[in-house]
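Right, one structure below, let's go through it.
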Amino acid sequence: MTTVQRIVIENCSIATVDADDTEYATGHLVIAGDRIESLGRGRAPEDLADVVRRIDATGHLVTPGLVNTHHHYYQWITRGLATDHNLFDWLVALYPTWARIDEQMVHAAAQGSLAMMARGGVTTAMDHHYVFPKGSGDLSGSIIRAARETGVRFTLARGSMDRSEKDGGLPPDFAVETLEGALAATEETVRQHHDASFGAMTQVAVAPCSPFSVSTELLREGAELARRLGVRLHTHGSETVEEEKFCHELFGMGPTDYFESTGWLGEDVWMAHCVHMNDSDIDAFARTRTGVAHCPSSNARLAAGIARVPDMLAAGVPVGLGVDGTASNESGELHTELRNALLINRLGAHREAALTARQALRLGTFGGAQVLGRAREIGSLEPGKLADLVLWKLDTLAHASIADPVAALVLGAAAPVTASFVNGRQIVENNRLLHVDEDAIARSTREEARRLARIAAGA
């Protein structure tokens with residue numbers, strides 16, 4: 001019989017983010033193999049068998065690992081450009097550069113994006129990749145390889161675009177796929193990489209990019225493909241007032257009604273942003289259990305507006321947090337989005353009652369797990385769930401005098417990560433990644449960013 005090795009973490013504060021928001025001022029947690037075996041108040045039992053490590057986590061808060069629900073990794077090598085643009089102008093400015101990426105660039109950019117998130121407590125990541133230039137190599141495989149190297153749980157949202165400038169869309173003509181090519185490549189990616197099992201490290205979603213870069217046929221047939229293959233669906237929705245105007249002019253209806261007409265509402269769907277939603281839109285998302293990836297920093301960077309997150313939560317809409325691409329959120333970190341989600345939503349109609357620190361933490365953990373369809377496995381600290389968790393150091397100058405550890409994590413400065421575990425395997429120690437070389441990644445991303453800039457300038 002195989003012996004299950006145990007890791008004991010004790011003397012820490014714990015925020016479980018379970019259904020009752022159970023917390024322990026001083027508690028313990030036991031990892032057995034890849035699962036959480038037990039947790040509770042006080043120290044762990046001394047007579048536990050097969051304990052290979054005991055961690056004295058005095059001064060730490062333990063939470064579920066953070067779950068990122070929207071990102072574009074390739075943008076890591078185009079950061080700091082078009083810094084004063086709205087979404088449509090920003091896209092027009094950057095599409096010609098993005099359309100010249102290749103496999104080497106995408107792998108380096110994925111490594112940079114994943115490393116930054118993992119260092120900051122992300123244990124489950126996703127990437128919405130939708131730019132596939134002809135002859136650019138195996139971009140999906142390079143992204144999945146980077147996630148495997150970093151050690152995070154991962155969802156690839158295999159994106160696509162087939163509506164270019166000649167069809168009234170925003171991408172240049174040479175930057176899009178054909179309808180048939182996009183569907184075939186998406187299906188092949190799902191068949192090659194998607195793992196539907198409990199505890200899967202790699203999953204794939206079907207993810208046409210957005211109403212202004214995708215034909216109605218690709219949306220409709222993409223939804224049919226996803227449901228035939230049994231995978232989730234992801235896209236951008238209701239991000240800006242310009243998008244709403246675009247949908248009314250082209251389709252004679254707003255984004256939510258358009259998505260519903262193409263089969264894109266449902267409990268297997270999540271959409272990024274959803275900033276410009278009226279009461280009817282929110283009701284439709286709640287009725288169909290369609291999820292939302294809230295990206296507060298990117299929405300502010302592109303002046304898109306403030307999503308109605310408190311109203312969505314009150315209606316029962318599943319909501320998680322997203323970094324979004326690092327060309328519109330240069331920090332590339334999800335733990336800072338906990339703070340930004342709380343603060344930006346308090347600038348909206350609900351003011352100080354918009355979100356609490358604990359609601360912000362829930363968005364970044366269990367909410368994200370719901371949105372990715374993995375709430376049975378991750379997102380809260382409960383016996384039987386996968387051992388994806390983070391130890392945040394809160395006893396330094398930055399946080400030591402903040403009375404409430406959850407408030408310290410959400411409202412304070414970005415907290416150092418002493419340890420981060422995925423499936424019970426440690427991937428971060430003392431704010432450094434254990435399985436990839438951060439300095440080498442920094443060099444390669446700088447080199448690839450410069451190579452892309454040279455290619456784009458000479459085009």
Would you give the length of the straight line joining atom [atom1] of [X] to atom [atom2] of [Y], rounded to the nearest 0.5 angstrom?
{"X": "S380", "Y": "F366", "atom1": "OG", "atom2": "CZ", "result": "6.0 Å"}
{"X": "M277", "Y": "M271", "atom1": "CE", "atom2": "CE", "result": "8.0 Å"}
{"X": "D283", "Y": "M312", "atom1": "CG", "atom2": "CE", "result": "12.0 Å"}
{"X": "T445", "Y": "R79", "atom1": "OG1", "atom2": "CZ", "result": "7.0 Å"}
{"X": "Q75", "Y": "T97", "atom1": "CD", "atom2": "OG1", "result": "11.5 Å"}
{"X": "L87", "Y": "H85", "atom1": "CG", "atom2": "NE2", "result": "11.5 Å"}

Partner of F421 under side-chain contact (heavy atoms from CB on, under 4.5 Å), chosen from I427, T123, V390, L391 |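 That would be L391; it is the only one of I427, T123, V390, L391 passing the side-chain contact (heavy atoms from CB on, under 4.5 Å) with F421.
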Using atom types as modelled and distance alone, determine if a side-chain donor or acceptor of [X] lies under 3.5 Å from a backbone N or O of [Y].
{"X": "S444", "Y": "I441", "value": "yes"}
{"X": "S113", "Y": "A110", "value": "no"}
{"X": "W264", "Y": "V269", "value": "no"}
{"X": "T235", "Y": "P208", "value": "yes"}
{"X": "T418", "Y": "N430", "value": "no"}

Are any non-hydrogen side-chain atoms of [X] and [Y] less than 4.5 angstrom apart?
{"X": "S238", "Y": "T256", "value": "yes"}
{"X": "V106", "Y": "I77", "value": "no"}
{"X": "M253", "Y": "S261", "value": "yes"}
{"X": "L313", "Y": "L363", "value": "yes"}
{"X": "F285", "Y": "V292", "value": "yes"}
{"X": "P171", "Y": "Y95", "value": "yes"}
{"X": "V206", "Y": "R158", "value": "no"}
{"X": "L361", "Y": "V17", "value": "yes"}

Checking side-chain polar atoms at under 3.5 Å, does [X] have a donor or acceptor matched by the opposite partner on [Y]?
{"X": "N345", "Y": "H294", "value": "yes"}
{"X": "T150", "Y": "H435", "value": "no"}
{"X": "S210", "Y": "S213", "value": "yes"}
{"X": "T202", "Y": "D195", "value": "no"}
{"X": "W392", "Y": "T63", "value": "yes"}
{"X": "R308", "Y": "H350", "value": "no"}
{"X": "Y73", "Y": "T326", "value": "no"}

Salt bridge (Lys or Arg N to Asp or Glu O under 4.0 Å) partners of residues 253-270, not counting sequence neighbours, each pair once =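 Output for this query lists R227-D268, E260-R287.
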Going by the salt bridge (Lys or Arg N to Asp or Glu O under 4.0 Å) test, which pairs reach into residues 325-346, not counting sequence neighbours?
->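 Qualifying pairs: R301-E330.
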Of the non-hydrogen atoms in [X] and [Y], which two are nearest, and what is the gap between them?
{"X": "V122", "Y": "V152", "answer": "O-CG1, 4.0 Å"}
{"X": "V410", "Y": "A357", "answer": "CG2-O, 3.5 Å"}
{"X": "S328", "Y": "L302", "answer": "CB-CD1, 3.8 Å"}
{"X": "Y258", "Y": "P211", "answer": "CE2-CB, 4.2 Å"}

Taking side-chain hydrogen bond (donor to acceptor under 3.5 Å, both in side chains) as the test, write out the residues that go with S331, two or more places apart.
->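 Expected list: N329.
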What pairs with R100 under side-chain hydrogen bond (donor to acceptor under 3.5 Å, both in side chains), at least two apart in sequence or on another chain?
->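 Partners of R100 under the side-chain hydrogen bond (donor to acceptor under 3.5 Å, both in side chains) test: none.
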All N/O donor-acceptor pairs, side-chain side in residues 132-143, below 3.5 Å, sequence neighbours left out:
from	atom 1	to	atom 2	distance (Å)
S136	OG	P133	O	2.6
D138	OD1	G141	N	2.9
S142	OG	L139	O	2.7

Qualifying ring-ring contact (aromatic ring centres under 6.0 Å, His included) pairs with a residue from residues 186-224, counting only residues at least two apart or across chains |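 Of all non-adjacent pairs touching residues 186-224, those that pass ring-ring contact (aromatic ring centres under 6.0 Å, His included) are F88-F212.
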Would you please name every residue forming a side-chain contact (heavy atoms from CB on, under 4.5 Å) with E149, sequence neighbours left out?
->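 Result, side-chain contact (heavy atoms from CB on, under 4.5 Å) vs E149: H107, Q111, R145, A146, V436.
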In a table with atom names and distances, give each donor-acceptor pair under 3.5 Å that connects a side chain of residues 451-459 to protein atoms at least two apart or in another chain.
from	atom 1	to	atom 2	distance (Å)
R451	NE	E448	OE1	3.0
R451	NH1	D102	OD2	3.0
R451	NH2	D102	OD1	3.0
R451	NH2	D102	OD2	3.1
R451	NH2	E448	OE1	2.7

Sub-6.0 Å ring centroid separation between H129 and H71 =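 For H129 and H71, the ring centres are not under 6.0 Å apart.
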Could you list the donor-acceptor pairs under 3.5 angstrom formed by side chains in residues 372-379, with sequence neighbours left out?
from	atom 1	to	atom 2	distance (Å)
R374	NE	E377	OE2	2.9
R374	NH1	A200	O	3.0
R374	NH2	A200	O	2.9
R374	NH2	E377	OE1	2.8
E377	OE1	G199	N	2.6

Kindly state each residue pair satisfying side-chain hydrogen bond (donor to acceptor under 3.5 Å, both in side chains) with at least one member in residues 162-176, sequence neighbours excluded.
->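 Residue pairs with at least one partner in residues 162-176: D162-S215, S164-D173.
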Residue pairs, two or more places apart or on separate chains, that pass side-chain hydrogen bond (donor to acceptor under 3.5 Å, both in side chains) and touch residues 239-249 =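 Applying side-chain hydrogen bond (donor to acceptor under 3.5 Å, both in side chains) to every pair that reaches into residues 239-249, excluding sequence neighbours, yields E239-H273, T240-E242.
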Residue that, paired with W98, satisfies ring-ring contact (aromatic ring centres under 6.0 Å, His included) out of W76, Y74, F174 =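 For W98, the ring-ring contact (aromatic ring centres under 6.0 Å, His included) check succeeds only for Y74.
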Do R191 and E187 meet the salt-bridge criterion of a basic N to acidic O distance under 4.0 Å?
->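 Salt bridge between E187 and R191, a charged N being under 4.0 Å from a carboxylate O: yes.
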By ring-ring contact (aromatic ring centres under 6.0 Å, His included), which residues pair with H234, not counting sequence neighbours?
->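 Testing H234 for ring-ring contact (aromatic ring centres under 6.0 Å, His included), a comparison that skips the adjacent residues, returns H70, H128, W270.
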